[in-house]
Amino acid sequence: MTDEKTAVQGSASNAAAGLPAIDVYNTLSKKKEPFVTVRPGHVGMYLCGPTVYKPSHIGHMVGPVIFDTIKRYLEYSGWQVKWVVNITDVDDKIIAESASRGTTMAQLAAEMTADYLGNLAALGVESIDVMPKATEHIDTIITFIEELIAKGFAYASEGDVYFDVTKDADYGKLTNRSIESTQGEGGSTADRKRSAADFALWKRAKTGEPSWESPWGAGRPGWHIECSAMCRAILGPHFDIHGGGLDLVFPHHENEIAQSESLHDCPMATYWMHNGLMQAAGTPGKVGGRSRDAGASTVEDASAQAATKISKSTGAEPFRNLLQRHRAEVVRVLLLSTHYRSPIHFGEEPLGESSRAMEAFERLFVRYQRIGSSFYTLPCRNRREGDAAVAAAGEEATSLRAKFLAAMDDDFNTAIGIATLFDCVRVVNKFVDQHSIEKNAAPEALAQLHAMMLVIRELTGTLGLFLKEPPTGASGENEATVAKLMELVIEIRARARAAKDFPTADLVRTKLTEAGISLEDRAEGTQWVKK
RNA sequence: GGCUCCGUAGCCAAGUGGCUAAGGCAGCGGAUUGCAAAUCCGCCAUCGUCGGUUCGACUCCGACCGGAGCCUCCA
């Protein structure tokens, strides 16, 4: 398909179906392309999920949050999306880790999958439709390999099966790589392969390893084949979006393309989308990767990388530990504040900054609550409903919404989207100030305020933000006790203020601030907020 | 050595061949407040360096410097 043709047909067919024109950056072409789906109005999307051998860390959360946002935005805009994220539950690393823990591969995989799912839920990633596990698709995988052998693209070798890259005319097209320039897996498997760049589709079992029966003997699938096989089984031979971290482009996605397109004579996915990797703030190197000196080959390299290696030794903590210090919503804001293809600086500093930034939204929601309405129960309108209703929110809100949508239509630019939302917050606060809505609201002003809040609800909803009311801090009976106490303290301070005893009033406020509680004096009375 | 990508204010981070280079954090000044907090208003960058193309570049090209990812396993 040529770009020119696709562009014209794309915008035309989207418009005909009442869908907006969206551009998507495609790793395959290295440029933005108009978004045209295989089936009009429908999107098939696949994201490479985790290998479940250790608790997931922040790096594992990037892709899910980004593609969750993309799915939300596409559905908001009128597409129907089917999103698949696989779980790799058979792999060398799982086998090694389970052996060292004295448990089984299945048991370890189940535990780590639960950990992963818990983290996703905390982050509001709830829109995954299918989560296939490799071990539940062994038959699918074997069939796929048999077809590849039958077509001459793969060969069995002493119980292993390899993909023959020399048979694939355009091997390397995703990463602009030649067969000669790739080393492939070395070690003991090297002499069973015809070319170094050939990769395993099926690995024969060593004694004691988990294995499945196959036409080539007992063994297990290679790393890349499960994605090809499960993609076809669930989304068909040609679907729309295939995503993953930038570190997966080679060899994983290159090899998926080789497997699927050799067999099917059609593109595997129209758009290949890759998210940037996490980097520990202030230090070079991504979070959670292997140490960079693994491939050091020259003397100069070794000395240049020494500093890097030390800084990387911190590693990445399990995400669930991080959640004890930071709300998941803060993480989500941080991830979406950077364009998805850029690396993200991650650490306590950036998290703290995101947290402070995000509170501007929540303060507005609290303000809205004081005016008498709950933000969290407002309906998230879809794009058409929003188009029809936005005028009531006034000119500024209308143009900010248009800016937000234009940014998201342009390769899901959530960074501009969030920036625009900050503008919305300022516009609404100003509106509330100017119309003295907190004192005596005119019905028309109140109506416009609600319309504006509905716009913020609509747009933040597409990012998966502010969908749930934040936790209030203390819980249950404690909360009630604290509330009573605060009521008393505030009452005493109010009397001091009435008597112009400001030293006493200020003492109360200062001490509370030190204790992490800030007081806000307003016309209607004093409010307290736990920081 | 090969293949990608990046270098924008104190920090984080968008963006564009030519209108005032988004937004956030921090900071400063003002309105408001008993004083604060919150909110609002205002201030705070010439875009790594050096060349080139162009009427005009931060935006295109080249070189250089610095940083990141990939080239067996990694989200």
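Chain A is the first sequence line, chain B the second, and so forth, proteins listed ahead of strands; every chain is numbered from 1.
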In whole angstroms, how far is the [atom2] atom of [N] from the [atom1] atom of [X]?
X	N	atom1	atom2	answer
A/Leu248	B/C3	CG	C1'	17 Å
A/Tyr46	B/A75	OH	P	13 Å
A/Phe365	B/U39	CZ	P	13 Å
A/Phe250	B/C71	CZ	P	8 Å
A/Lys30	B/C5	NZ	P	7 Å
A/Met273	B/U4	CE	P	21 Å
A/Glu359	B/A37	CD	C1'	13 Å
A/Asp410	B/U16	CG	C1'	12 Å

Per-nucleotide protein contact string for nucleotides 26-36 of chain B, where B marks a base within reach and S marks sugar-phosphate only (heavy atoms under 4.0 Å, - for neither):
S-------BBB
Side chain of A/Ser518 only, please: which of B/G23, B/C70, B/A37 is the nearest?
B/A37
Can you tabulate the close N/O pairs, meaning under 3.5 Å, that link protein atoms to atoms of nucleotides 8-14 of chain B?
unit_1: B/A13; atom_1: OP1; unit_2: A/His345; atom_2: ND1; d: 2.5
unit_1: B/A14; atom_1: OP1; unit_2: A/His339; atom_2: N; d: 2.8
unit_1: B/A14; atom_1: OP1; unit_2: A/Ser342; atom_2: OG; d: 3.3
unit_1: B/A14; atom_1: O3'; unit_2: A/Asn413; atom_2: ND2; d: 3.2

For a quick check of understanding: with a heavy-atom distance under 4.0 Å over all strands, which category does A/Pro64 fall into, base, sugar-phosphate or nothing?
nothing
Go nucleotide by nucleotide along RNA chain B from the 5' end; which of A/Gly63 and A/Thr420 gets its closest nucleotide reached first?
A/Thr420
Is the distance from OP1 or OP2 of B/A75 to the nearest side-chain N or O of A/Asn275 less than 4.0 Å?
no
Using Watson-Crick or G-U wobble geometry with both distances under 3.5 Å, which nucleotide pairs with B/G66?
B/C6
Could you check which nucleotide pairs with B/A57 in any of the strands shown, counting Watson-Crick or G-U wobble with both distances under 3.5 Å?
none
Pairs under 3.5 Å (N/O, protein and nucleotides 40-47 of chain B):
unit_1: B/C40; atom_1: O4'; unit_2: A/Asp433; atom_2: OD2; d: 3.3
unit_1: B/C41; atom_1: OP1; unit_2: A/Lys430; atom_2: NZ; d: 3.4

